[in-house]
2 protein chains.
Amino acid sequence: MKKKDRQQKVVDEVSINRQVSSSFLSEKLNVSEDTIRRDIKELDKRGLLTKVHGGAISTMQKLYHYNEDIIYKREEKVLIAKKAITLVEDGMVIIMSGGTTNLMLAKLFPKTLKATIYTYSLPIAMQLAEHPTIETIFIGGRIQRNSMVTTGIDVIQYLSNITANLCFIGVSGFSLEQGITGEGYEVALVKKAMIKASERNVYLSTSNKLNIRLNYDICSLQEIDIAITDLDVNDPMLQHYVEAGVVLI
Amino acid sequence: MKKKDRQQKVVDEVSINRQVSSSFLSEKLNVSEDTIRRDIKELDKRGLLTKVHGGAISTMQKLYHYNEDIIYKREEKVLIAKKAITLVEDGMVIIMSGGTTNLMLAKLFPKTLKATIYTYSLPIAMQLAEHPTIETIFIGGRIQRNSMVTTGIDVIQYLSNITANLCFIGVSGFSLEQGITGEGYEVALVKKAMIKASERNVYLSTSNKLNIRLNYDICSLQEIDIAITDLDVNDPMLQHYVEAGVVLI
DNA sequence: ATAAATATTGCAGTTTTTTGCACATTAGTT
DNA sequence: AACTAATGTGCAAAAAACTGCAATATTTAT
C-alpha cells in the first residue's frame, strides 16, 4: 500500500470514529507504529486531524458548549423532554421548533434513535448534528438575531413541501380561549406552517406558559394532538383543558 | 480512550449537569479519581470549567459559548481574518464557507459593518447572528455530522440563484498545479457553487495548507482573485505563487 | 535501462507522558 | 473538636514518542 493511501485510511478512520490509536492503526494497516506516528504527525501539520498522546482525534471537536445554568426551569424541561421521547419511534420524520425545551429534547434523544428531523433553529440543529444516527435537515432562510431561528417566506415555502409524522412546538402561550399563541409575527407564521406539514402536533411547554395569551395566533387547541407540560396529568391547573378535550401527558 | 477525549467528556458532563463529582466521573470513564482530578485541574486552568472541592462546576455565562483554545493556530487565523476584513465594505453581499478561519473572521467583523452574509456553516451562522448589523442568511439542507455544514443539491441549487460580491473560501488545500482542492466530495461541490455565485473569490488559509493537494478539485488558481495567508507577502514560500500571477495579501 | 538521488520504513535506545497507588494534608461537616 | 471525604505529592510502572541510523523502496536523471 502506498503512503498516500495509508494516510487517507488514517483520515477516514478518524472521521468515522472521531478517535483512533496508533497501535490499532499499526495492526490494521500492517506497518510499524513509528510509521503511523509519522503519518499522524504529517496529517496533523496539514490540519486534517489532531495528534494526541496515543493516536489521533478529529479536529472537528465540539466548538460550542451550552451553558445550562441559564436555562430557566431546567429540571422541568428535562421532565417534559422525557415525556416527549415516549412519542418518537425509529423511522419517524419530525419537525422541531426552537426554544430551550426543544433544545433539551434534542439533547436527550436516545443515542440509538433513527429519525429524520427538520428544524429551523440553529442551536437545535447544532445539538442534533452531534447525534450519531439522527439525520438533521436545516430549513434555511434569514436568521432572526436573538432567537437564532430562520423565518420568512423561504422557510414557510419549504415547510409547505414536506410532510412529517410529528412536530414539537415550543415557546408559545397556551390558553383555553385563544389556543396556541406566539410572541413574534414571523415565528408565528412559521409555526403555522409546521403544524400544517405535520400529521400529529405536540405542544411542549413549562406550566408557566399555561393560560397565557400572546400577540399572534398560531392554532386552536383542537389542532394540538398532544400537549406536554411538567405537571402531572391530574394537576388541578390542567383540569379545564382535560374537560375541553385536550390530550395531555 | 484518549486523554483529550476523556477531557471532552468531562466538559460535556459539566455542561449537562452543571456540577459533577470526581467519583462519578471516575466510575463513568473508568479511570482513577486521581486522573479525573488532574483532568479537572487542567481544564480549570484552560477556563473550561471551575474546579471545586469534590469535582467541577460550569463557568460560562452565555447560553452558547465556543471554545477558542481548541482552535488550531489561533493567532495565525486572527491575522488572516484581519487582512480579510480590509476587503469588506458596507452594503456588500458575501458568501462564507465553513472552517475555523472563517469563524474567526465572523467573530472579528467590525461591529458597525452593514452587510448581507450567506453561509451554510452552523457555527459561522451562530457567530454572525450575534452581530448587530449583519444580516445572516442560512442556506439550508442536510447537515453533515462532523463538519456542521449543510451540503447537497438544495444548497447548490440555492447558491445558483444568488449573486454575491465576495466569497470567503476556507479549509482547502492550495497548490500551484492543482489549484484549490477539498477533502470531501460534497463540500467540494458546494464550494464550486459558491465560487460561481460570487464576483470575487477570496481564499483564506493558514500556511500549512500551502502546496497541499487534497482529493477533490474545487477550482483553479486563476479563479481565485485574492489569496490570504498568515505569511508576509514577501515570504519565500509564496514566491512561486506570486510568479504564477496569484494576488496575495 | 541503469545509476544516482530521494523518500520511506523499521529498529534500538532514550526520553517523555500518563496513570494509579500510598501517604500526608487539607477542607467541609456534624 | 473530631471525623470523613477530598486533595496534593512523590514515586514507580507502563505506554507512547522521539532520535538517529541503516535497509528498502521509489523517483528522477542520464
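Only this structure's heavy atoms are used, side chains among them; waters, hydrogens and symmetry mates stay out. Here is how names work: the chains are called A, B, and so on, in the same order as the sequence lines, proteins then strands, and each is numbered from 1.
- Residue pairs that meet the salt bridge (charged side-chain N to carboxylate O under 4.0 Å, His left out) test with at least one member in residues 38-50 of chain A, sequence neighbours left out, are A/Lys3-A/Glu42, A/Arg6-A/Asp39.
- Within the structure, every pair that satisfies the side-chain hydrogen bond (donor to acceptor under 3.5 Å, both in side chains) test and touches residues 77-87 of chain A, not counting sequence neighbours, is listed here: A/Lys77-A/Thr100.
- Straight-line distance from the NE2 atom of B/His53 to the C1' atom of C/dT29: 11 Å, rounded to whole Å.
- Within 4.0 Å of A/Lys4, counting heavy atoms only, lies no atom of the nucleic acid at all.
- Remark on DNA chain D: of its neighbouring residues A/Gly55 and B/Ser22, the 5'-side contact belongs to B/Ser22, judged by nearest-heavy-atom nucleotide.
- Not counting sequence neighbours, the partners of B/Tyr241 by the ring-ring contact (aromatic ring centres under 6.0 Å, His included) test are B/Phe174.
- At a threshold of 4.0 angstrom between heavy atoms, the contacts of B/Ser23 with the nucleic acid are absent.
- Across all strands shown, A/Lys2 has no heavy atoms under 4.0 Å from either base or sugar-phosphate atoms.
- A heavy atom lying under 4.0 Å from DNA chain D marks the following residues of residues 32-40 of chain A, by number: A/Asp34, A/Arg37.
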What side-chain donor-acceptor pairs closer than 3.5 Å can you find for residues 27-34 of chain B, not counting sequence neighbours?
from: B/Lys28; atom 1: NZ; to: B/Glu13; atom 2: OE1; distance (Å): 3.4
from: B/Ser32; atom 1: OG; to: B/Asp34; atom 2: N; distance (Å): 3.4
from: B/Ser32; atom 1: OG; to: B/Thr35; atom 2: N; distance (Å): 3.3
from: B/Ser32; atom 1: OG; to: B/Thr35; atom 2: OG1; distance (Å): 3.2

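- When rounded to the nearest whole Å, the span between CG of A/Leu25 and P of C/dT9 equals 14 Å.
- Remark on the helix from C/dA1-D/dT30 to C/dT30-D/dA1: inter-end axis angle 50°, axes from five-pair C1' superpositions, rounded to 10°.
- Put simply, NZ on B/Lys3 is 12 Å from C1' on C/dT16, counting in whole angstrom units.
- Annotation: side-chain contact (heavy atoms from CB on, under 4.5 Å) contacts of B/Thr181 (sequence neighbours excluded): B/Gln178, B/Arg213, B/Leu214, B/Asp217.
- With sequence neighbours left out, the ring-ring contact (aromatic ring centres under 6.0 Å, His included) criterion links A/Phe168 to no other residue.
- B/Ser175 contributes atom OG, which lies 13.5 Å from atom NZ of B/Lys209 (distance to the nearest 0.5 angstrom).
- Here chain A contacts DNA chain D (any atom closer than 4.0 Å to a heavy atom, that is under 4.0 Å), and the contacts span D/dA16 to D/dT19 from 5' to 3'.
- Taking atom NZ of A/Lys41 as the reference point, atom P of C/dT9 lies 15 Å away to the nearest angstrom.
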Anything under 3.5 Å between a donor and an acceptor, one on a side chain of residues 195-205 of chain B, the other on a protein residue two or more places apart or in another chain? List them.
from: B/Ser198; atom 1: OG; to: B/Cys167; atom 2: N; distance (Å): 3.1
from: B/Ser198; atom 1: OG; to: B/Arg200; atom 2: O; distance (Å): 3.0
from: B/Glu199; atom 1: OE1; to: B/Asn165; atom 2: ND2; distance (Å): 3.3
from: B/Asn201; atom 1: ND2; to: B/Glu223; atom 2: O; distance (Å): 3.0
from: B/Tyr203; atom 1: OH; to: B/Ser172; atom 2: O; distance (Å): 2.6
from: B/Tyr203; atom 1: OH; to: B/Ser205; atom 2: OG; distance (Å): 3.3

Enumerate donor-acceptor pairs with a distance under 3.5 Å from any side-chain N or O in residues 113-123 of chain A to protein atoms, sequence neighbours excluded.
from: A/Thr119; atom 1: OG1; to: A/Met96; atom 2: O; distance (Å): 3.1
from: A/Thr119; atom 1: OG1; to: A/Ser121; atom 2: N; distance (Å): 3.2
from: A/Ser121; atom 1: OG; to: A/Ile124; atom 2: N; distance (Å): 3.4

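- Across all non-hydrogen atoms, the minimal contact from B/Ile156 to B/Ala193 is CG2-CB, 4.1 Å.
- Counting to the nearest Å, the P atom of C/dT19 and the CE atom of B/Met1 are 11 Å from each other.
- Legend: residues meeting side-chain contact (heavy atoms from CB on, under 4.5 Å) with A/Asp5, ordered by chain and number and at least two apart, are A/Met1, A/Lys2.
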